[in-house]
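The block underneath contains the structure these notes are about, expressed in structure tokens.
Counting starts at 1 for both ligands and their atoms, following the listed order.
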Amino acid sequence: MPFENAVLLHRPTQSSQWWRSAVIYQIYPRSYASAGVGTQPGVGDLPGITQRLDHIAELGADAIWLSPFYVSPQKDGGYDVSNYRDVDPLFGTLADADALLTKAKELGLKVIVDLVPNHTSDQHQWFQDALAAGIGSAERERYIFRPGTGENGELPPNDWESIFGSIAWTRVCDRADAPGSAWENDPSWYLHLFDSSQPDLNWEHPEVREEFHDILRFWLSRGVAGFRVDVAHGLVKDPTLPNWQFHWKMVDGGSASASDVPPPPMWNLEGVHEIYREWRKVLDEFDTERILVAEAWVSPERGIAKYVRADEMNQSFNFDFLCCEWEPTALREVISKSLAAMDQVGAPTTWVLSNHDVVRAASRMGLSKTGKGPNGIRSFEEQPNQPLALRRAKAAHALMLALPGSAYIYQGEELGLPEHTMLPDSVRQDPAFFRTQQAEAGRDGCRVPLPWEANAPGFGFSPTGDTWLPQPLFWEDLAIDRQLNDPNSHLSWYRHMLQLRKRLQLAEGGLLDVTGFADLAGFGLAYVNQSSYGEVVVATTFTEPTVISSKWQVLFSSADLITTSGGLEVPADTTVWLK
Ligand code: GLC
């Protein structure tokens, strides 16, 4: 193709390692499907997932990532684990987990599970022992207990704030379970970067390290393909626990790299890497196919690539991409910088647009300010322009899935599911809603149970028709059975895209930046993906439509193109794959 002086961003990869090019589908177990075996009607369960796993295989994904299903008081949707080696009765049994693994294997899907090492639940035996054993005990060393400041220790040890709002410390004697307990008068404080029910572990403690090695082995022996590591950048804290004065929203990609904010004493400390090097060795005891995926809200400049050096993890979510505004200059920079940073360490870029912590892309992208978006949307707040959001989300997915590397999709993205922005406050469960004194909606709106059958109660989510969060009525049209029967549905479009991505081997391709070149100048972004299949142009329009000449063959498009006398018109906010 005549693109002289095009900028080479990335060379093709030749590797048999599955995770370098995989599409991985995130399941939020509470909300995928319920077989009615769990202890609460309307909450999804593991047998529900097993029954409906063919949906993901037929979609064309290579693997699933399951958010936590371990024993948990569910104060933070299961990210508060009280027993890492068993399944919560809410979701079924350990035998159900094994059955899920077996079914996944039959379908050719790998299974990644979630590991939550930064904190346990306050109901975990270790924390209960720590409370009971009292000040100065060995049991307390596994967590971060400190005396207070102020004249009588009535102030917290430092000024750190919880990600979910309010201070990151709770005084032992202020706990609801204190009256009448052994710790009734205990004035010490414990650290929790999240909810007070999620005490942070002390990763300087050898027992903490050993325990997690053992948990890794427990799940690896059952056959999981790896772990998504929760808050991977948070395990190690500056041991002096200094004041910091800033409230860094962990999920604030933008401000995360702001140069006027000094390095935080609790995020992304060098010491975390030693932990993952040890974990790598544990994984290698099994086979080389097992992987670690970092949830590290760190931008490339601050060292995201360090997490995926050859002797550490395998993938690290590209949150800069997720947080980027829908605007060509910014996107172009993120794409080139992330490929360059990952190439330096020989790791794939791991694209992502949505997960269970952010407003769904198919809504977020229709707000007046695109990018990471707010922490949930309430009925009286700015409502997304839905058609615009969906159109942009389609363009963004068609861009993401044509770029080299692996990609994660969040359940419902294949359906074009929007955020639920009308949830009544009375049903909200996210601790962020409560800890911010209801100033933030929180994440419930992206966690609503999936619609499977248009004409069934609860859209077929559960046998009783119950759903733990209400579904919007208009989801009837988005139900999976209805979309499957419609060749023009979002689901049919998405399936086709994943098939084509595989056939064209785009994930293994090299990438040239040809933005502004030749007759593609009307696009905001233009790339050439060079794979063993050949060269495919991937180009995206933003605010302005453009016309392409008839020499181009359109392989795929995120929107209908319009035939004009001068050629084919590609409307605004559209991605095309051309040959
Ligand atoms: C991660 C999870 C999020 C959870 C938090 C605390 O960010 O994705 O859902 O609330 O960690 O575990």
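Within ligand 1, the atoms closer than 4.0 Å to a non-hydrogen atom of R228 are 2 (C), 8 (O), numbered from 1 in the order shown. Atom numbering of ligand 1 starts at 1 in the shown order; those under 4.0 Å from a heavy atom of E295 are 1 (C), 7 (O), 8 (O). Shown in contact with H119 at under 4.0 Å from a heavy atom are these atoms of ligand 1, numbered in order with element: 6 (C), 12 (O). Listed by atom number, the atoms of ligand 1 under 4.0 Å from R443 heavy atoms are 3 (C), 4 (C), 9 (O), 10 (O). Atoms of ligand 1 lying under 4.0 Å from at least one heavy atom of R447, given by number and element, are 9 (O).
Between the side chains of Y307 and N268, at least one donor N or O sits under 3.5 Å from an acceptor N or O.
Here the rule is side chain to side chain contact (heavy atoms under 4.5 Å, CB included) with D80, and of H119, H192, Q198 only Q198 fits it.
Salt bridge annotation for R435-E161: absent, with no cationic side-chain nitrogen under 4.0 angstrom from a carboxylate oxygen. Looking at E270 and K306, a side-chain N of the basic residue comes within less than 4.0 Å of a carboxylate O on the acidic one, giving a salt bridge. Salt-bridge annotation for D357 and R447: present, with a side-chain N of the basic residue lying under 4.0 Å from a carboxylate O of the acidic one. Salt bridge annotation for D311-R280: absent, with no cationic side-chain nitrogen under 4.0 angstrom from a carboxylate oxygen.
Shown here is Q17, whose CD atom has more than 12 heavy atoms of other residues, nucleotides or ligands within 6.0 Å.
The shortest separation from a heavy atom of W297 to ligand 1 is not under 4.0 Å, leaving the residue out of contact. Ligand 1 is never approached by K75 to a heavy-atom distance shorter than 4.0 Å.
At a heavy-atom distance under 4.0 Å, no atom of H192 approaches ligand 1. Neither the backbone nor the side chain of Y28 has a heavy atom within less than 4.0 Å of ligand 1.
The residue from V231, L193, D80, D230 that puts a heavy atom closest to atom 12 (O) of ligand 1 is D230.
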